[in-house]
Every structure is written in C-alpha cells, then in structure tokens.
Amino acid sequence: MLRLSQLSLTMGEQDLLLDVDWHLRPGAHAGLIGRNGTGKSTLLRAIMRQVSPASGHIHLRGDARVAYLPQQALSGSVATVWDEARSQMAWLEDFERRLASAQAAAESGAPGAAEDLALVTEQMALCGAFAAEQRIGEVLNGLGFSTQDWQRGCDSFSGGWQMRIALARLLLSDPKLLLLDEPTNHLDVATRSWLADYLAASSATMIVVSHDRHLLDAACTETVELRDQGLHSFAGNLSAWIAERAVRQASLLDAKKKQDQQIARLERFVDRFGAKANKAAQARSKQKAIDRIERVEAPRRQGRPRLRLPDAPPGALVALTLRGVDLGWPDGPVVVGGVDLVLERGMRLAVLGPNGCGKSTLLGGLFGSIHPRAGRRVLGRDIRVARYAQDLAQELPADQTAIEAVQAQVPLAPTARVRAALGALGLVGDAQLRRVGLLSGGEKARIVLAGFACRPANLLLLDEPSNHLDAVTVEVLAEALAEFEGTIVLVTHDRWLVEQVATHVAHVGAGRVQLHAGVRPDDFLPPQRRTGSDGAETQSRTLVGEGREDWQDRKARQRDLDRARKRLRQVHQEIEAAEQDLAQLDASMAEVATDHLALAALAQQRSALSQRIEARYQEWETLEAIESD
C-alpha cells in the first residue's frame, strides 16, 4: 500500500528522517509514535505531497484512495451536517446516478432496461448502498451529533465540532489509506471510545498519530516509533511495544555489560603479558580479538523515567465535602447543581463528561476559585490543595528557564527533585535550561505539571494532565498518581489513565453529578447507553448518609489492595536480588570446592538464602491472591 525508499525529511536545519526504508502492507493499522517535534506530522504531510522530501521516494499503490485528517481540520462548509458528512461518498453518488438512469430507462420501456435495473439494484445491495443512510447516522451519532444537529449548517458549530464534521466526512469516504493526525483532539472520552472501536473494525490501511493510549491499543495492529531520524517497527499495539521495549533495553544492557567484562579481561591480559616474550604472541592474538569485537551500544535511555510525588502530609480523613452545592461562573447560570460529594483520603476520583458539561466548573468549586451559589464547601483540617490546569502555562515568565520557573512555583523544592520531575515529564538536558518564551505550549504545560509534582499536598486537583504527553510519559504519570496516598480528583478524556488510576468515577452532565465506586466499561459510553446510570445516582446520594459504612468498607478494601500491589512490587525486587546473590554463592562454592571448611560455610549461607527466597515466593502467592480477588 505504501513504501518509503531511502526517504529523508528535513525541517529547516533539522533532520527528521535520514535514508529511511519502510513498508506498510494493505490492511495494516499502524500507530505512529515518538516525542513531540520528531516529525510525525511532517511525515504524514509528505505522504500527502504537501511537503517535499530532501531525498528518496514515497510510493503509493496505484489504486490507493488517500484520506488525511490534519490536527486542526475544519469542515469549511456551509452545508448541513448530514450533507457534508456524505459529500465525499463518491461511490454512493455514482450508484445513485446509475439507479436513476436505469429507473428512467425502465419507465420508458427501453429494451434491456429491466435487466439493467435489476443488475444495478443487486450491486447496490452487495455494496451496502441501501444501508448508507443508516451508516451515516451511526457515524454522526458516534461522534456526538444528535439527530437535531444533522440538519444544522456546519458554520453554526464551534471549531471543535467542525473537526468532528471533518472526521465524519473522512470516515464515510471509504478511503484505502487513512492518515489521522491526533484525531481525538476536542473529543470527549465516550467519543474517543467509539472512534477506537470504529477504526479497529475498519478494513482500511491506516497510520494513526495519537497520544491516546486506549485508541492506539484498540485500533492499531503495529507500532512504529519515529526515533533517531529513523522508523522502528514493532508487530503489536502500543502496550505490547512498551513492554517489549523494556525487555529489549534490559537485554541490550545485559549484553553490553557482558561484552564490557569480556573486553576488560582481554585488555588485562594484553596489558599484563604484552611485554613478555613468551606471552607476546598470545597478547597480540588477544588484541586482535578485541579489535574484531563489534561493540554493543547501550540504549540512550536506560529504563523508563520515574516520577515520585511528595508524600501526602498528614491531614483529616475527609479531605473535602460539598453539601447541596450549586456552581456556576459569575454572572452566568448554574452549571451543576445539588452536588453532594465527600472526598476521603485514598480516594482517586475521575471526573468524566462531554465538553462544556461543567467538569472544570466542578473542579473550580472544589478548589475554591468558584464560590457556591448555594450549599456548603467544607475543607478538612490540615488539608493542603494543589491544582494543575493547562491555562497556568500562560502565566509562566517568558525570561525564566524551565528550572527557574518550577523553582518559582515551589521555592523549597531541591534542585535535584525539580530536574528529576522535568526529566520524567519529557524535558531533559538542555531543554531544562531554555527560556520559557522559546518553548512550545506543550513544553510549558510540562513545566507547570513538574511544579505541581514537586509541591507537597494531600489533595490533588488535575485538569487534563495528559494533554501534550506522549504515551510513555502518561504511563509515568499514571504510576505516580496510583502510588499517591492522598486524595486525587482527575478531569480527563484519557480512558487508559482513568482505568489505571481511578478508584471512583463521577459523571457530569445535564447539570448533575453522579458518582459510583470503581471503574466500569460503560463509564466510557454516552449517558443513554450506560446501564449503571440510575444506580450511580443512587450511590452518589448515599455517600453523606446511611451508605457511610459501605463506603468505609470499600475504602478499606481499596487501601488493602493498594498496599498489596505496592508490597508485590517490593517482593519482586527482593526475589530478583536474592536470586542474584544465590547465583554468586553458587559461583563461589565452585571456586572453593576443595576447601571443605569454606564450602560448608557457604553451603550454610546458601541454605538460609534459599529459605528466604521460598518465603518471599509464598508471600508473592498470597499477595497475588489478594490482587486477583
């Protein structure tokens, strides 16, 4: 379907791709990943002939019908949503013309017209032409358009909704090759989930650039990383690639370590015996062996970075309570009303809902920047609140470096912690010393997030923290949040992040807030398709009243589960370390095999170590049983 031959791409003075050969087979769904600025969007534009390669060729199969969705796609039409969505279904329009012609011929009694009409009708049935309107409706509904919206003009919608119109038009055009650049921009979590399922079922060949891990896992059959001016392919989705990359890095580091030890042994022999006449020939042979060794290069990033949030300071068990609260912006209507919410220590609440439903308003009410129109907001004793919002990036001083900007947010944070937080979030090396005014919007957002991650607090409020983060960095953030022992409220459209972090889910919509414990698959569906909506509303109302004991039981079970997971990781590390010690003991015993006293002492150590390993394995089984319950 698509082949790159010795392709090189440049942007200004920067080389993005150098002499790349790559092939995309028909029917493949490729997720294109890589750090921001590596050239993913430029590659898609080059395939569309919008950017000229510095050298090399891009070969497309002759019958390839290509459809491209750029990041800022707008419908650019004044037609109705329905008409615009079907405007590029050329095959359907062709069938409709043929059907009208055949019907006219049959009505006039032309010879053979009846047979022609029967043939066209049969072909339309086989190609799904008679079900086309149903399909158009399903796509528009999946992308969040109500039936009342279908006959509205495209120009009456905001930019985010116009992007959905452009996406609907593209999906319905039946392309052979689909190029999608951040298709989840402006989409809520329910629409993202629908899009992931739709793409997964599509027979089109596609390249998808996205930071949405659930989309890449569900829709893509292979992962292509743009790194070091090359394309590195892996047969599997993003989660499989991340796991495989960790194994590859570990294997490469092990090979590098063994090779370094081998070279060191040979070099010691050369250094020691090179000058001795009776060993000179052997020394020269060893030197030739050293010269012939093809050196293993260690990976640039040795393992995944780790983000560690400061320990939650002691504070009240109930971090924050809203009782019958109505919230809205000044001089505006009430956006969410009658909110009853209890946030307790250890609770990690994901707030979900369509764009514009009031999620940020709720977060502002929790933070205290939006005062209740009615009801009460009660902050627990010794509760320290930290808030992350993307708009804070616009307030950063342009003349400060990234490190200085974080230190201005958190003056008491050690420089080492600041650097570690910036590095874990993808700002490494010289990027930490660049002036804020020279950084992109995404890099500025990471600076604010790094400052947030360095501030000690026991109640964290986050509004879309995964925006601008690549998949590996989102995983780093998810692990840090999941290990935090305070209280978290997370507003996000990232399904994977919710599934990894949340202990509770709150749905915001139609001016209400509905909450339930746990994360369910239907949490990511539109409200009308969520089977648990009524039950969730009942649970949200009992949190302050008679359901208190059930909530305490759920919280205690969740706390035990979190502790078991944390201990499980520790036990795994202890077993690995102990088995390495056991291997060293075995090697030592082999060396002193003729020294019975030394051998007996080592054997005693080995027996004690084996018993300790066996105890850890038994603890492992117990903890795994707790986790699986």
* **Set of salt bridge (charged side-chain N to carboxylate O under 4.0 Å, His left out) partners for Glu133, sequence neighbours left out** => none
* Which residues satisfy the salt bridge (charged side-chain N to carboxylate O under 4.0 Å, His left out) test with Asp311, sequence neighbours excluded? -> Arg308
* To do: Mind checking ring pair (Phe, Tyr, Trp, His ring centres under 6.0 Å) for Trp150 and listing every partner two or more places apart, or none if nothing turns up?
  => Trp82
* **Which residues share a ring pair (Phe, Tyr, Trp, His ring centres under 6.0 Å) with Phe484, sequence neighbours left out** => none
* Can you check side chain to side chain donor-acceptor pair (under 3.5 Å) on Thr487 and Asn458, steps first, answer last? -> CA-CA 6 Å; Thr487 308; Asn458 39 29; over 6 Å; no
Within [range] or reaching into it, pairs that qualify as salt bridge (charged side-chain N to carboxylate O under 4.0 Å, His left out) - sequence neighbours excluded:
range            : result
residues 482-500 : Arg306-Glu483, Glu483-Arg569, Glu485-Lys566, Arg495-Glu499
residues 183-194 : Arg164-Asp188, Arg192-Asp212
residues 397-420 : Glu404-Arg435
residues 135-147 : Arg135-Asp174

* Check Leu195, Leu238, Thr184 against Ser210 for a side chain to side chain contact (heavy atoms under 4.5 Å, CB included) and give me the one that passes. => Thr184
Partner residues of [X] under the side-chain contact (heavy atoms from CB on, under 4.5 Å) criterion, sequence neighbours left out:
X      : value
Ser41  : Gln71, Asp181
Val410 : Ala413, Cys454, Arg455
Ala408 : Gln400
Ser156 : Arg152

Compare all side-chain heavy atoms of [X] with those of [Y] and state whether any distance is below 4.5 angstrom.
X      : Y      : result
Leu322 : Leu366 : yes
Val519 : Val498 : yes
Glu443 : Leu427 : yes
Thr361 : Ile370 : yes
Met163 : Asn185 : yes
Asp523 : His516 : yes

* Structure fact -> For Gln162 and Cys154, the nearest pair of non-hydrogen atoms, with its separation, is NE2-O, 3.5 Å
* To do: Looking only at non-hydrogen atoms, find the nearest pair between Leu307 and Ala424 and report the distance.
  => CB-CB, 3.9 Å
* Go through the steps to decide whether Gln407 and Thr415 satisfy the test side chain to side chain donor-acceptor pair (under 3.5 Å), and finish with yes or no. => CA-CA 8 Å; Gln407 290 175 327; Thr415 301; 3.0 Å; yes
* To do: Give a yes or no on whether the backbone of Ser202 and the side-chain of His29 come within a donor-acceptor separation of less than 3.5 Å.
  => yes
* Under the ring pair (Phe, Tyr, Trp, His ring centres under 6.0 Å) criterion, do Phe145 and Trp161 qualify, and how do the steps go? -> CA-CA 9 Å; Phe145 293 96; Trp161 283 94; 5.1 Å; yes
